[in-house]
Amino acid sequence: MYNPRGSCPGATRRMPARHELIAPRGIELKTVAEFAIKYCQFLDAEGNLAADAPALASDTSELLKMYRFMTLARAFDSKAVNLQRTGQLGTYASCLGHEATHVGVAAAMQPDDVLAPVYREFGSQIWRGVKMSSILLYWGGDERGSDFEAREDFPWCVPIASQVPHGAGVAMAMKIRGEKRCSVTYIGDGGTSEGAFYEGINLAGARALPAVFVVVNNGWAISIPIGQQTATKTLAQKAIAAGIPGVQVDGNDVIAVRHVVGEALARARRGDGPTVVEALTYRLSDHTTADDASRYRDPAEVKEAWNKEPLPRLRAHLTKMRVWDAAREEALKNECAREIEAAVDEYLSTPLPSTDAMFDHLFANPPQSLLEQREIARRYKRKH
Amino acid sequence: MYNPRGSCPGATRRMPARHELIAPRGIELKTVAEFAIKYCQFLDAEGNLAADAPALASDTSELLKMYRFMTLARAFDSKAVNLQRTGQLGTYASCLGHEATHVGVAAAMQPDDVLAPVYREFGSQIWRGVKMSSILLYWGGDERGSDFEAREDFPWCVPIASQVPHGAGVAMAMKIRGEKRCSVTYIGDGGTSEGAFYEGINLAGARALPAVFVVVNNGWAISIPIGQQTATKTLAQKAIAAGIPGVQVDGNDVIAVRHVVGEALARARRGDGPTVVEALTYRLSDHTTADDASRYRDPAEVKEAWNKEPLPRLRAHLTKMRVWDAAREEALKNECAREIEAAVDEYLSTPLPSTDAMFDHLFANPPQSLLEQREIARRYKRKH
Amino acid sequence: MAKVTMIEAINRAHAWEMRHDPAVVVLGEDVGVNGGVFRATAGLQEQFGKDRVQDTPLAEGMIAGMAVGMATQGLRPIAEIQFMGFIYPALDQIANHMARMRNRTRGRLTCPVVMRMPHGGGIHAPEHHSESLEALLAHHAGLRVVCPSSPARAYGLLLAAIREPDPVIFLEPARLYRLVKQEIADDGQALPLDVCYRLREGSDVTLVSWGAMVTETLRAAENLERDGVSCEVLDLATLSPIDHETILESVAKTGRLVIVHEAPRNCGIGAEIAATVAERGLYDLHAPVKRVTGYDTIIPLSRLEHDYIPTTARIMDAVRETLAQ
Amino acid sequence: MAKVTMIEAINRAHAWEMRHDPAVVVLGEDVGVNGGVFRATAGLQEQFGKDRVQDTPLAEGMIAGMAVGMATQGLRPIAEIQFMGFIYPALDQIANHMARMRNRTRGRLTCPVVMRMPHGGGIHAPEHHSESLEALLAHHAGLRVVCPSSPARAYGLLLAAIREPDPVIFLEPARLYRLVKQEIADDGQALPLDVCYRLREGSDVTLVSWGAMVTETLRAAENLERDGVSCEVLDLATLSPIDHETILESVAKTGRLVIVHEAPRNCGIGAEIAATVAERGLYDLHAPVKRVTGYDTIIPLSRLEHDYIPTTARIMDAVRETLAQ
Ligand SMILES: Cc1ncc(C[n+]2csc(CCOP(=O)(O)OP(=O)(O)O)c2C)c(N)n1
Ligand SMILES: Cc1ncc(C[n+]2csc(CCOP(=O)(O)OP(=O)(O)O)c2C)c(N)n1
Ligand SMILES: [Mg+2]
Ligand SMILES: [Mg+2]
């Protein structure tokens with residue numbers, strides 16, 4: 001099991017030894033509740049499949065589809081970073097290393113479920129139909145990027161953790177209407193420290209909402225390692241505070257992610273309530289293109305994490321299953337490059353929005369004063 | 001064990017059966033973390049003492065002191081409600097039924113620890129030196145009541161849960177200075193749904209702060225029973241989300257409360273970090289004097305709770321120990337009545353503050369404009 | 001036609017709209033079984049069931065965020081904040097999501113939410129139960145802020161707020177809840193948002209106020225009439241966006257402006273009204289603008305709160321001073 | 001004497017005060033090892049240790065609440081909010097506790113806290129990284145709100161803020177962080193709070209601005225000078241409480257007032273300035289007051305943000321219009 005906390009001495013030093021009562025000497029206390037957090041991995045870092053892996057592990061067409069999207073997300077990400085470096089994109093939050101989590105989660109969902117992302121879950125979004133050009137448009141500083149193709153999914157959410165109550169609210173609407181749909185809400189390891197995370201999962205638990213909360217534990221919240229964020233041994237156990245199941249999964253094993261999230265969704269659809277899934281992965285990139293992780297992060301840790309990244313292990317598995325080889329890899333890479341090229345072209349050729357755009361979507365019924373300000377803005381529009 | 005949730009069908013209906021993973025069929029998952037919540041009670045509702053009760057249970061002088069303060073708090077409370085009913089006090093939040101929790105917590109503390117209360121922990125405050133006249137002054141609508149005698153303790157905190165980060169911050173100051181002091185922070189069952197509660201205990205856990213958080217689970221948050229507040233089986237388990245110990249105690253058993261909080265404080269003072277203590281008790285009164293609980297609460301539940309209230313069981317124990325009898329009870333009641341009478345006199349004879357009071361404590365260095373407004377307020381002062 | 005208090009009018013507006021629009025749902029602390037601490041939602045859970053009238057856990061940020069989630073799914077949540085002083089934990093959701101979702105997604109997702117809450121002091125309540133924080137919300141583009149001053153306007157404006165396709169902060173003056181009764185038809189008729197209501201015509205001075213302070217303002221106007229002073233009284237009603245046109249028109253007629261609000265003066269909504277007149281109506285002014293407001297301090301606990309809230313006498317003096325210029 | 005940018009000036013003010021006052025502690029997200037996302041606190045953890053320069057978990061409400069707790073124990077926390085758009089979760093603590101604790105306890109417990117944060121747009125940052133929310137804080141009695149417009153004022157005002165016995169919201173214009181260098185002595189000399197700074201004397205019109213907009217305002221004044229227009233430029237510096245006296249004096253001299261701020265217009269601090277002039281300086285005005293501000297909408301993402309932020313041209317036109325009256 002990959003534990004990003006490994007490198008952070010603070011974490012273990014601070015964790016109370018056994019989470020048990022300050023035992024009154026010589027007194028036997030009654031146990032009134034017990035909990036366990038389980039961990040799921042099927043495909044290890046070397047690509048070895050566990051003996052008890054689910055049927056999905058031999059569903060090659062599904063595995064190939066997931067591998068395709070993981071590869072696409074990886075290539076898209078690298079292109080986006082490049083665009084930023086060359087001044088053609090704004091600050092960008094890379095998804096490097098998160099591909100198995102993002103694709104596994106999306107693959108487990110139904111199209112009419114609703115996704116509430118944070119800001120770097122591009123693999124999920126592309127799977128769910130969001131055009132790469134929409135993603136680029138948003139990170140290029142254009143709101144039209146959020147008017148994207150997954151019509152009911154939430155846009156990117158910058159205020160950390162504030163999307164969690166949205167996911168719960170969406171699930172509440174689904175429950176009230178008796179639908180068989182679910183919401184899936186992402187949150188980062190850092191995000192679990194915000195009260196909104198806890199408030200949202202507590203509501204979901206209290207009302208048994210059809211919701212799944214995926215905590216992407218990539219080890220870091222900008223410069224703060226997970227061991228400084230919380231004293232907990234896992235993030236899955238945060239679920240216990242909401243009275244709901246929490247489970248840890250190897251976030252670099254797309255089979256495990258898809259399986260566990262699939263089970264959680266099935267449970268939610270049955271009306272049995274929400275689940276917190278902690279996906280253990282690693283942020284292989286800087287926090288964003290505006291960050292320089294070398295200031296605060298040990299390169300040895302990053303190197304170690306590269307040994308566990310999600311793509312090679314799935315490739316190894318597919319190769320073992322004889323559905324993958326170097327030629328197919330080459331072909332896929334080219335195909336991805338072409339798709340990405342087209343998306344970049346579309347993005348770069350999107351004309352600037354008019355200044356009106358900042359006024360025209362604020363209200364369905366805009367007040368007169370706003371229309372007057374729109375006039376002023378037209379007058380002072382900068383030449384670009 | 002007294003469980004206020006008993007009467008709330010919602011709670012059990014909604015609680016996921018075993019808090020375990022949506023088990024992948026036929027797959028054995030590794031357990032990565034395990035937790036247990038224990039429950040502590042020494043003195044049962046009938047006043048029977050557990051065989052393994054701590055030494056405190058036979059420390060009659062300490063027990064008598066606690067009994068005295070519990071009786072005083074009860075009598076004070078009844079007087080305060082009376083003052084409100086007769087138009088001599090503002091809206092008031094009764095502490096009826098909470099006496100063992102409030103006194104047990106305070107008795108476990110050192111004088112130079114810091115208490116951050118909510119709004120009804122009068123038993124704790126009186127123990128810690130807050131004059132009853134100060135309490136009345138505050139609930140009578142006069143800020144001077146919060147300029148009270150426990151100089152470093154926090155004033156009453158109305159915005160639910162916002163005191164929890166204060167408790168953590170105080171403990172952080174103590175830790176930075178290497179002091180052997182602790183903070184103790186109260187919160188209600190309803191309060192545990194606010195993000196601030198969770199943020200505060202998470203910080204305390206992450207930095208191993210010398211802090212104890214006492215969750216007073218009195219079954220109700222105004223009209224919301226605990227079973228609708230959260231799906232958790234206990235509130236003590238909320239601690240697991242902060243990676244710290246959580247323990248449940250019979251909040252109507254002052255020996256257990258004092259013992260458990262004492263152990264938690266000792267642990268904190270040793271540098272071993274914070275603890276969440278859930279005290280199970282019951283709000284025997286309306287939420288406040290502005291509330292009418294009969295609108296939403298089954299009288300049978302209240303009647304049942306009266307059978308478990310804190311005073312008779314301690315009285316029974318003291319009687320068995322031959323340090324209490326009817327005459328002493330009578331004398332104590334009279335003594336309390338006299339003390340309360342004096343406090344009420346002091347409160348009622350406190351002259352109204354001047355209008356200046358609303359300006360004079362806002363800033364150490366008030367701006368000129370504020371002093372001008374003070375002039376206006378003097379001019380328009382109402383006749384009282 | 002029935003004579004009802006403001007709290008009853010609010011209750012009926014809820015019920016009317018819930019009967020006619022199945023998308024309307026009610027959420028909040030103690031709004032269900034208990035019917036709200038002021039009884040605004042009394043009986044609604046019995047009529048419309050627990051799905052449509054939901055008691056929530058105690059967390060305002062979650063309530064607002066949940067409302068955002070539900071609204072994007074096509075529901076029309078009416079969420080109660082128990083007192084305006086407890087809105088702070090919800091501000092992140094209100095400002096960063098409710099007010100922005102339509103703009104952020106270019107109209108793809110919208111938030112037709114009403115956030116209702118008691119507003120203002122004067123009810124001898126504990127700390128944090130007497131706040132007037134309308135200016136905080138008014139400063140946020142993407143929100144409407146509405147505050148009725150009578151049962152009939154509470155009924156009509158609340159219906160309008162619920163039907164508005166964008167979020168509305170609906171402030172209910174707590175000390176008016178049961179102060180007077182007024183006939184309302186309970187016919188589902190909404191009143192227009194974004195406009196002032198002229199409560200009294202006059203020619204010497206324009207008084208602008210809203211919420212509970214309208215009572216003192218009208219009383220001042222009545223008293224002054226006996227002295228031969230003719231006051232025009234405008235109820236701002238929609239506090240954002242402000243109907244500046246009506247105010248400017250009135251000031252063009254009277255030449256004098258006194259603004260009355262309970263919230264602190266500094267950066268209150270009165271400032272925006274005065275500033276706009278200084279920009280667009282300066283030449284109409286015969287005398288300096290006056291603001292009669294709460295002081296720039298914390299509203300005191302009950303023993304002093306009446307020395308904080310503007311009184312009829314203060315308003316009358318301000319009018320006299322402006323007339324003396 | 002060294003020439004430093006604003007971000008370096010801020011860094012040095014921290015260091016100076018931490019060397020001289022052991023009660024000063026620094027908290028925030030990424031302020032420790034990383035030295036802050038803008039490097040404001042770079043090197044401080046190495047110099048002063050992990051107790052005095054603390055990385056916190058990611059929770060703004062907790063950061064502010066923790067600062068309240070620490071301050072009541074006699075420490076002087078300087079807490080960073082990573083961007084002003086993320087202040088919302090902290091508003092409950094700031095408004096309901098930090099601003100009130102002294103008043104609530106009649107001086108028994110106090111909150112000498114500085115809440116620092118980057119302010120304003122123009123740095124091509126993602127959503128929620130460009131907010132100008134000073135009016136929200138200014139409306140709260142019990143707080144000071146301060147915003148420097150140069151490295152030297154950042155240094156001197158930050159020192160004053162840290163030494164103030166009450167809470168100060170310290171807004172750092174992000175687009176000025178590295179824009180210019182200025183000599184500072186780094187001698188621990190504070191600058192006075194609660195006063196405007198006159199950056200330019202003039203006789204035809206008074207321009208009031210603060211933060212990053214001071215740059216455009218000064219540029220407008222320089223350009224206008226070439227046309228023979230003499231502008232007096234005031235940097236508001238302390239946004240609450242406002243130094244109205246200096247503004248009124250200046251308006252008494254020039255007879256004209258243009259207020260420039262980046263925040264939305266509606267209920268912005270510009271409104272308070274204009275309102276006060278309409279009350280206390282009306283007879284000095286030769287022309288209507290003008291406000292040149294951000295629009296009442298959400299500040300756009302980077303492709304349009306420069307069409308949102310007031311430009312030198314808009315300021316110059318406003319001055320010309322006011323002179324034409
Ligand atoms: C409320 C809020 N506070 C601060 C920030 C600034 N910020 C952006 S990302 C980030 C760290 C998030 O870490 P994590 O939740 O682990 O997500 P990751 O970036 O690792 O995916 C911070 C502090 C923010 N966006 N929102
Ligand atoms: C932030 C906030 N929201 C709402 C309220 C209104 N309110 C006062 S007490 C209360 C219930 C608190 O219940 P609990 O935490 O269980 O404490 P108890 O009253 O039972 O002691 C509520 C909702 C408040 N004071 N603060
Ligand atoms: Mg992370
Ligand atoms: Mg309770």
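Numbered from 1 within each chain, the chains take letters A, B, ... in sequence-line order. For clarity, every value in this text was computed on a predicted model and none was experimentally measured.
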Any side-chain heavy-atom pair from Q373(A) and T297(D) closer than 4.5 angstrom?
no
If only atom types and distance count, is the side chain of Q228(A) paired as donor or acceptor with the main-chain N or O of D55(D) below 3.5 Å?
no
Report yes if some heavy atom in the side chain of E143(A) is under 4.5 Å from a heavy atom in the side chain of R303(D); otherwise report no.
no
Over all heavy atoms of both residues, which pair between G141(A) and L301(D) is shortest? Give the atoms and the distance, please.
O-CB, 3.3 Å
Within a strict 4.5 Å, meaning less than it, do heavy atoms of the H129(D) and V158(A) side chains meet?
yes
Side chains of P353(A) and L304(D) in contact at under 4.5 Å (non-hydrogen atoms)
yes
State, to 0.1 Å, how close Y380(A) and D307(D) come at their nearest heavy-atom pair, and which atoms those are.
O-OD1, 4.3 Å
For a 4.5 angstrom cut-off between non-hydrogen side-chain atoms, does L58(D) reach I224(A)?
no
Please rank R39(D), H124(D), M62(D) by heavy-atom pairs under 4.5 Å with chain A and give me the top one.
R39(D)
Report, in residue-number order, which members of residues 212-222 of chain D are under 4.5 Å from chain A by heavy-atom distance.
none
OG of S193(A) to CD of E29(D), rounded to nearest 0.5 Å, is 9.0 Å
Point-to-point distance, once rounded to the nearest 0.5 Å, from CZ of F86(D) to OG of S162(A):
9.0 Å
Is there a side-chain contact between E127(D) and Y138(A) (heavy atoms, below 4.5 Å)?
yes
Part of Y88(D) within contact of chain A (heavy atom distance under 4.5 Å):
neither
